[in-house]
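Taking it in order: structure first as structure tokens, then the write-up.
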2 protein chains.
Amino acid sequence: MPYFDAASAAPLHPVARQALLAALDEGWADPARLYREGRRARLLLDAAREAAAAEVGCRPDELVFTPSGTRALHDGIAGALTGRRRTGRHLVVSAVEHSAVLHAGEALEADGGSVTRVAVDRTGRVAAGEYAAALRPDTALAALQSANHEVGTEQPVAEVAGACRAAGVPLLVDAAQSLGWGPVPGGWSLLTASAHKWGGPPGVGLLAVRKGVRFAARGPVDERESGRAPGFPDLPAVVAAAASLRAVRAEAAAEAARLRELVDRVRARVPELVPDVEVVGDPVRRLPHLVTFSCLYVDGEALLHALDREGFSVSSGSSCTSSTLEPSHVLRAMGVLSEGNVRVSLPWGTGEADVARFLDVLPRVVAEVRGHLGAPSEARPVVTGDELVVDALGKRCPIPVIELAKVFGDVPVGGLVTVLSDDEAARLDIPAWCGMRGQEYVGERPVEGGVAYTVRRRS
Amino acid sequence: MPYFDAASAAPLHPVARQALLAALDEGWADPARLYREGRRARLLLDAAREAAAAEVGCRPDELVFTPSGTRALHDGIAGALTGRRRTGRHLVVSAVEHSAVLHAGEALEADGGSVTRVAVDRTGRVAAGEYAAALRPDTALAALQSANHEVGTEQPVAEVAGACRAAGVPLLVDAAQSLGWGPVPGGWSLLTASAHKWGGPPGVGLLAVRKGVRFAARGPVDERESGRAPGFPDLPAVVAAAASLRAVRAEAAAEAARLRELVDRVRARVPELVPDVEVVGDPVRRLPHLVTFSCLYVDGEALLHALDREGFSVSSGSSCTSSTLEPSHVLRAMGVLSEGNVRVSLPWGTGEADVARFLDVLPRVVAEVRGHLGAPSEARPVVTGDELVVDALGKRCPIPVIELAKVFGDVPVGGLVTVLSDDEAARLDIPAWCGMRGQEYVGERPVEGGVAYTVRRRS
């Protein structure tokens with residue numbers, strides 16, 4: 001049963017499991033205590049810190065273990081902002097950071113600070129020059145992911161780090177998706193990561209803060225982890241996290257090359273096998289194991305369920321999934337289609353046969369979901385002046401786009417079709433549909449109960 | 001090799017180990033995902049929450065899992081304070097709470113709020129009436145531990161909860177030390193606990209917030225755990241925590257009775273076997289497994305090391321330990337001796353033979369440590385007027401008290417001895433020595449380089 005959602009969480013690596021079991025026996029005591037069980041725990045903690053620091057590329061005393069990648073981001077951003085409060089209260093991030101970064105930015109704004117969200121291109125990448133231009137004299141911190149978690153695109157971290165250094169602004173790199181594949185190129189000031197992305201256990205994040213970076217932990221003081229991560233350390237999980245990081249790194253180059261080929265195959269074959277598909281993200285400068293595509297006229301949740309019934313576990317940035325009401329902020333920032341969105345992220349060791357079977361199953365599954373949605377619509381298009389208006393108010397993604405496509409042939413070239421919709425996804429998906437179809441997106445205007453999106457027929 | 005520091009961390013319970021292993025296989029995926037691995041994880045998470053809530057005595061939707069007891073306290077206190085910010089910014093705590101609570105109070109003060117620390121008696125207990133009197137119209141939150149982590153004394157939680165309810169103030173009960181032994185009596189508004197105290201794994205705390213209690217999580221928003229504990233949940237550890245809580249509770253009554261007898265034996269025998277010892281904490285209304293005593297004229301760190309060499313792992317609230325420069329705030333608040341302090345906390349299943357051997361070894365170990373410290377002093381007492389003055393500046397605990405005891409017989413009844421000391425422990429230990437010896441503590445005054453503590457000979 002192929003699991004293709006490694007970017008969410010990877011199954012425990014065998015080395016992690018072994019290390020965890022050993023550390024449950026040897027490392028349950030308080031490493032701050034003087035007696036033998038405490039000293040033994042301290043040795044394990046020190047060794048884990050040294051191993052993880054070596055893979056991160058920092059000194060052991062620059063690295064602390066946090067309870068998750070999210071906590072590493074929250075606490076790392078808060079600490080860096082507080083440490084440089086005298087400089088200012090401005091934060092620069094990319095528009096496609098992990099939600100933990102964006103939420104930290106919102107918390108800063110709610111507290112009176114300000115945030116610049118640097119836009120990305122259609123592949124999901126920031127331009128280093130544009131990022132550099134966002135740095136200001138009052139910028140306390142800049143944050144940039146090493147690679148995007150939804151579309152896999154790598155960011156120009158080294159160039160942005162250079163610009164930040166020149167401006168005297170510390171750069172925090174969220175390396176959650178990439179650290180298992182290799183170290184982040186130098187020049188960062190703070191780095192965060194999450195062990196369960198590389199086959200370590202949940203419950204462990206990393207926060208590295210370079211010596212000399214101003215940092216003031218927020219919240220109540222606590223003596224653990226250099227005062228940067230309060231609470232009793234989860235030592236067995238920490239030991240397992242460090243051991244598995246070392247293990248996956250030893251095989252990263254070979255495994256990356258292997259998975260990159262499998263992903264290349266998905267990227268090439270999906271548009272051949274499935275009509276009306278957009279594969280998103282940079283095709284080359286990307287994570288080795290991750291590919292994302294969107295299927296027109298498909299309900300994301302229905303597609304996930306259909307793939308799940310076929311034995312494939314994938315995730316989606318569509319708005320039409322039970323856990324979210326809005327389309328992924330990443331896809332939105334990229335300006336690409338969000339409906340029928342599927343993220344495939346291959347765990348270590350994924351076999352070729354599983355990918356082949358996925359490519360085999362996908363066309364039929366998409367066709368089935370489209371079939372269910374393609375039933376005759378009750379919406380009656382209305383002609384208003386030289387404009388054909390489709391009322392899709394109250395209809396969820398992907399219905400508004402389906403309704404648009406259905407009537408589009410009814411207007412002459414040069415004619416207008418307007419779709420009324422109150423689904424947030426339409427704002428993204430109607431322009432994306434125009435881009436895919438070579439039609440002209442005219443614009444949107446508010447109407448009672450929703451928004452009117454207007455498209456001009458070009459061909 | 002007997003480990004007697006269960007109040008710091010207990011070895012993993014066999015049920016916890018078994019549950020952890022199973023959940024590593026079944027529960028590594030993201031419980032927020034729709035595919036089968038995610039649904040399986042969700043089922044495990046829901047079952048763990050139901051089991052833990054049943055033991056806590058709350059509804060499952062009132063309980064969230066945090067990465068540690070410390071984080072539960074930090075986040076619980078912050079959330080309750082923020083939720084009731086309009087009422088005021090005053091916090092009431094006992095003087096003997098866990099440092100995580102006291103540090104949260106200091107953070108509140110640094111942020112412009114205020115804290116009342118309710119004093120305790122010599123057994124370490126607050127008077128419910130005194131606690132009630134500390135509640136004010138602007139009190140946002142009150143916090144009280146169920147039982148003290150250093151001396152085992154139980155607090156009058158039910159009475160204090162009644163007073164809080166009458167005043168309309170939510171009460172947070174830190175049940176870290178007691179939850180494995182039984183539910184906290186009703187009436188609390190928030191409750192926190194820590195799994196590795198009852199044989200669960202590290203990495204899991206509990207935070208329960210009763211419906212209707214105003215609560216506003218601080219920091220960046222996050223959708224996990226009802227928005228109260230950000231980050232990917234450590235599901236295997238959570239499952240193990242819930243399973244072991246249920247397991248220890250099933251045997252708690254019998255095991256508590258058994259350990260209570262062993263502790264009673266320690267409480268009775270130690271003062272018979274070791275001269276100049278003070279057993280502290282309430283002898284009856286206390287945790288079943290914990291006893292603390294202090295030995296005059298003993299260096300706490302040396303005593304821990306000597307006991308460690310004999311195979312006994314205990315902790316200490318003395319200032320003379322490598323991890324701390326100040327004597328325990330608990331012992332200080334109680335006004336009892338802190339030097340040569342030893343906390344014995346028996347893990348589940350501790351055998352009678354281990355306790356007997358401890359009682360066998362302790363007198364010799366204390367005598368040895370005293371022997372090392374009892375070497376002739378270089379300090380020459382000086383007679384100033386009718387006062388004998390001993391200069392112990394630059395000497396660490398327990399030397400100041402040893403010097404006092406050495407010369408005390410040299411003054412007549414009614415005469416004064418003054419000890420000069422710059423060790424913070426002397427402020428606690430010299431009055432405590434007077435109490436133990438029936439001598440009169442006259443008071444202290446600042447002198448160059450330290451403090452002068454004066455004692456009058458009564459007998």
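Naming: A, B, ... by sequence-line order, numbering from 1 per chain. As the structure is a computational prediction, the values presented were derived from the model and not from experiment.
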Distance-minimising heavy-atom pair for Gly231(B) and Ser68(A): CA-OG, 3.7 Å
I'd like a table of donor-acceptor pairs (distance under 3.5 Å, sequence neighbours excluded) in which one partner is a side-chain atom from residues 4-20 of chain A, with atom names and distances.
{"residue": "Asp5(A)", "atom": "OD1", "partner": "Ser8(A)", "partner atom": "OG", "Å": "3.4"}
{"residue": "Asp5(A)", "atom": "OD1", "partner": "Ser315(A)", "partner atom": "OG", "Å": "3.4"}
{"residue": "Asp5(A)", "atom": "OD1", "partner": "Arg343(A)", "partner atom": "NH2", "Å": "2.8"}
{"residue": "Asp5(A)", "atom": "OD2", "partner": "Ser8(A)", "partner atom": "OG", "Å": "2.8"}
{"residue": "Asp5(A)", "atom": "OD2", "partner": "Tyr35(B)", "partner atom": "OH", "Å": "2.4"}
{"residue": "Ser8(A)", "atom": "OG", "partner": "Arg343(A)", "partner atom": "NH2", "Å": "3.1"}
{"residue": "Ser8(A)", "atom": "OG", "partner": "Arg33(B)", "partner atom": "NE", "Å": "3.0"}
{"residue": "Ser8(A)", "atom": "OG", "partner": "Arg33(B)", "partner atom": "NH2", "Å": "2.8"}
{"residue": "His13(A)", "atom": "ND1", "partner": "Val15(A)", "partner atom": "N", "Å": "3.0"}
{"residue": "Arg17(A)", "atom": "NH1", "partner": "Asp25(B)", "partner atom": "OD1", "Å": "2.8"}

Over all atoms of both residues, closest heavy-atom pair of Gly219(B) and Ala107(A): C-CB, 4.4 Å
Contacts of type salt bridge (Lys or Arg N to Asp or Glu O under 4.0 Å), residue Glu37(B), not counting sequence neighbours: none
Closest-packed option against chain A by number of heavy-atom pairs under 4.5 Å, given Ser99(B), Ser313(B), Ala29(B): Ser313(B)
Interface residue of largest heavy-atom contact number with chain A, from Leu108(B), Asp234(B), Val238(B), under 4.5 Å: Asp234(B)
Arg71(A) versus Ala229(B), closest heavy-atom pair with distance: NH2-CA, 3.8 Å
Under 4.5 Å from a heavy atom of chain A, the part of Pro201(B) involved: neither
Side-chain touch Pro202(A)/Pro236(B), heavy atoms, less than 4.5 angstrom: yes
Among Thr66(B), Asp30(B), Leu102(B), Leu21(B), residue most engaged with chain A (heavy-atom pairs, under 4.5 Å): Leu21(B)
Proximal component of Ala41(B), with respect to chain A [non-hydrogen, under 4.5 Å]: neither
Interchain contact, Val314(A) with chain B, by part (heavy-atom threshold 4.5 Å): backbone
Side-chain heavy atoms of His196(A) within contact of Trp28(B), under 4.5 Å: no
Main-chain N/O of Val221(A) paired with His103(B) side-chain donor or acceptor, under 3.5 Å: yes
Contact residues of residues 74-82 of chain A (partner chain B; heavy-atom separation under 4.5 angstrom): His74(A), Asp75(A)
Atom of Thr70(B), atom of Asp222(A) and distance for their closest heavy-atom approach: CG2-OD2, 3.6 Å
Residue Arg36(B) versus chain A: region with a heavy atom under 4.5 Å: both
Partner chain A: residue of Arg224(B), Glu223(B), Arg39(B) with the largest heavy-atom pair count (under 4.5 Å): Arg39(B)
Ser226(A): partners by side-chain hydrogen bond (donor to acceptor under 3.5 Å, both in side chains), with sequence neighbours left out: none
